[in-house]
Amino acid sequence: MARIRAICIDPPVMNSSCLWASDLSDLRALYDSPYTGAVTTRTATLQGFNEDESHAHAFLKNSITSINSYGYSPHPLSRYIEWVRILLTTPMADGSKPAKPIIMSITASTPPILAQMVSQIQTLRVALRDAHSSSPPDASVPDPSMLVAVEINTSCPNIPGSPPPAYSVQHLFPFLDVLATAVRADHSLTLGLKLPPYPEPTKAAEVVRVLGAYTFQRADGTPVSPWAFLTCTNTLGNSLVFAEQVLSPAQDVKAKDNVEPRAQRFALPEGKGGLGGDAIHALALGNVHAFAQVLNENADAALREVRVIGVGGVTSPAAAARMWAAGASVVACATLLGKEGVKAFEILAA
Ligand SMILES: Cc1cc2nc3c(=O)[nH]c(=O)nc-3n(C[C@H](O)[C@H](O)[C@H](O)COP(=O)(O)O)c2cc1C
């Protein structure tokens, strides 16, 4: 069991934000699994992302590794708000009342849009809290507003012309200002950042130093960080896999218009994409270890409370154990979920 600010993740295993957490049926299957301690939604934007056939994925032949070129979810935030409301207010498959947290992954291109998105999630939480407090008291049923957490995706490598913002930490400031303001206004908001894989060992200290500037004091003098968790890591961008390396290359859509279809050279229609699974496990472990160490040994007591969610090549019980040993409080997977479906979490529990 892992506690991250207001939420409790038990078992400390879940999906990370991905294609296979896109719609209500994906989320329902993940939510109802007895092997997930929480569910993360695919990254939403305010209006929905314009997805086309250039956005695709493939699995490598010889290891549990994926490459993908997706941007964000085609479904707008309003859809995820409605789906989360449904999941948190209707009984689970086994008839029990919902008690599992949901981490809503979001991103925005400007700080005002991000503020609007956070405000819409806060409106959902208020509605959930009001409905809960007006129903007959039942100590066994948690306040559903406390089951909603937010993850800001600062690390998608697949947006043309927009490198992952967390690679240049100074670009994050206006976004961090918006998020810190939201947590100062409502300390019950559990909020975290999804980070990219950093190959430089100095980066964890630099990112944590920036985040530490936002520590504030509660009325009783207790220091609090707006950041409840850091999720390490997203996929490794600028990766290239050839068609013969994967189980089934994604269809090259441009080839459809040609009389002589182009030979499929690469696993993805446009070639480059983000790598996930076994191929990035060592780098993800290194990032989890570096961030956990910088946080745990920090002079700022508020930063010592920030938890790390370990993602990247969690494809077996041994890999999950390595993530925990490296300092993760919770582990999450995408590639294994894509390959195995929700059975992935049974595999990790074996
Ligand atoms: C097909 C696919 C889609 C993804 N979409 C998202 C997304 O919408 N938001 C996000 O934060 N990460 C996304 N990711 C990254 C995963 O959450 C995860 O960080 C990465 O794949 C590493 O984990 P893994 O080794 O278990 O795949 C996606 C990954 C894959 C494979």
Side-chain angles (χ1 to χ4, degrees), residues 13-23 26-27 30 36 38-45 48-49 51 54-60 63-77 79-80 103-108 149-159 162 164-166 192-198 229-237 239 241 246-247 250 267-268 273-288 308-316 319-320 322-323 328 330-341 344-345 347-348:
V13 178
M14 62 182 182
N15 71 295
S16 62
S17 178
C18 66
L19 175 71
W20 304 286
S22 281
D23 61 22
D26 295 335
L27 297 170
L30 289 163
T36 59
V39 169
T40 312
T41 61
R42 188 175 180 190
T43 302
T45 53
F49 181 82
E51 191 167 276
S54 71
H55 301 113
H57 69 278
F59 296 106
L60 271 75
S63 68
I64 306 176
T65 294
S66 65
I67 182 156
N68 88 85
S69 54
Y70 293 100
Y72 305 116
S73 177
H75 304 296
L77 177 63
R79 203 61 59 78
Y80 286 96
I103 299 174
M104 299 186 70
S105 170
I106 60 169
T107 198
V150 181
E151 180 176 271
I152 317 302
N153 183 354
T154 66
S155 47
C156 180
N158 297 331
I159 310 297
S162 284
L193 304 177
K194 174 87 173 271
L195 298 173
Y198 296 109
F229 63 93
L230 302 178
T231 305
C232 305
T233 73
N234 211 314
T235 51
L236 182 62
S239 299
V241 169
V246 297
L247 292 172
L268 298 177
L275 200 63
D278 291 339
I280 64 161
H281 185 54
L283 182 57
L285 280 174
N287 276 251
V288 166
V308 176
I309 297 176
V311 189
V314 175
T315 58
S316 65
R322 282 190 289 272
M323 274 292 184
V330 174
V331 300
C333 67
T335 299
L336 186 68
L337 170 63
K339 279 208 92 165
E340 300 288 344
F345 302 98
I347 293 170
L348 292 178

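As the structure lists them, so they are numbered: ligands from 1, and atoms in each ligand from 1.
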> Examine distances only and state if a side-chain atom of Ser17 and a backbone atom of Thr43 form a donor-acceptor pair shorter than 3.5 Å.
yes

> Measure and list all N/O to N/O distances between ligand 1 and the protein that fall under 3.5 angstrom.
from	atom 1	to	atom 2	distance (Å)
ligand 1	8 (O)	Thr43	N	3.3
ligand 1	8 (O)	Thr43	OG1	3.4
ligand 1	9 (N)	Ser17	OG	3.0
ligand 1	9 (N)	Thr43	OG1	2.6
ligand 1	9 (N)	Asn153	ND2	3.2
ligand 1	11 (O)	Asn153	ND2	3.1
ligand 1	11 (O)	Lys194	NZ	2.9
ligand 1	12 (N)	Ser17	O	3.1
ligand 1	12 (N)	Lys194	NZ	3.0
ligand 1	14 (N)	Ser17	O	3.1
ligand 1	17 (O)	Ser16	OG	2.8
ligand 1	17 (O)	Ser17	O	2.6
ligand 1	17 (O)	Lys194	NZ	2.9
ligand 1	19 (O)	Lys194	NZ	3.1
ligand 1	19 (O)	Thr233	O	2.8
ligand 1	25 (O)	Gly277	N	2.6
ligand 1	25 (O)	Gly313	N	2.7
ligand 1	26 (O)	Ala334	N	2.8
ligand 1	26 (O)	Thr335	N	3.4
ligand 1	27 (O)	Thr335	N	2.9
ligand 1	27 (O)	Thr335	OG1	2.5

> What residues form a ring-ring contact (aromatic ring centres under 6.0 Å, His included) with Phe49, not counting sequence neighbours?
His55, Tyr72

> If you apply the rule side chain to side chain contact (heavy atoms under 4.5 Å, CB included), what do you find for Met14 with Val330, and how did you get there?
CA-CA 8 Å; Met14 62 182 182; Val330 174; 4.0 Å; yes

> Flag the pair Val39 / Leu27 as yes when at least one side-chain heavy-atom distance between them is below 4.5 Å, and no otherwise.
yes

> Hey, could you give me the CG/CD1 distance between Asn153 and Ile106, rounded to the nearest 0.5 Å?
10.0 Å

> Output yes when Arg42 and Glu151 qualify as a salt bridge under the 4.0 Å nitrogen-oxygen rule, no when they do not.
no

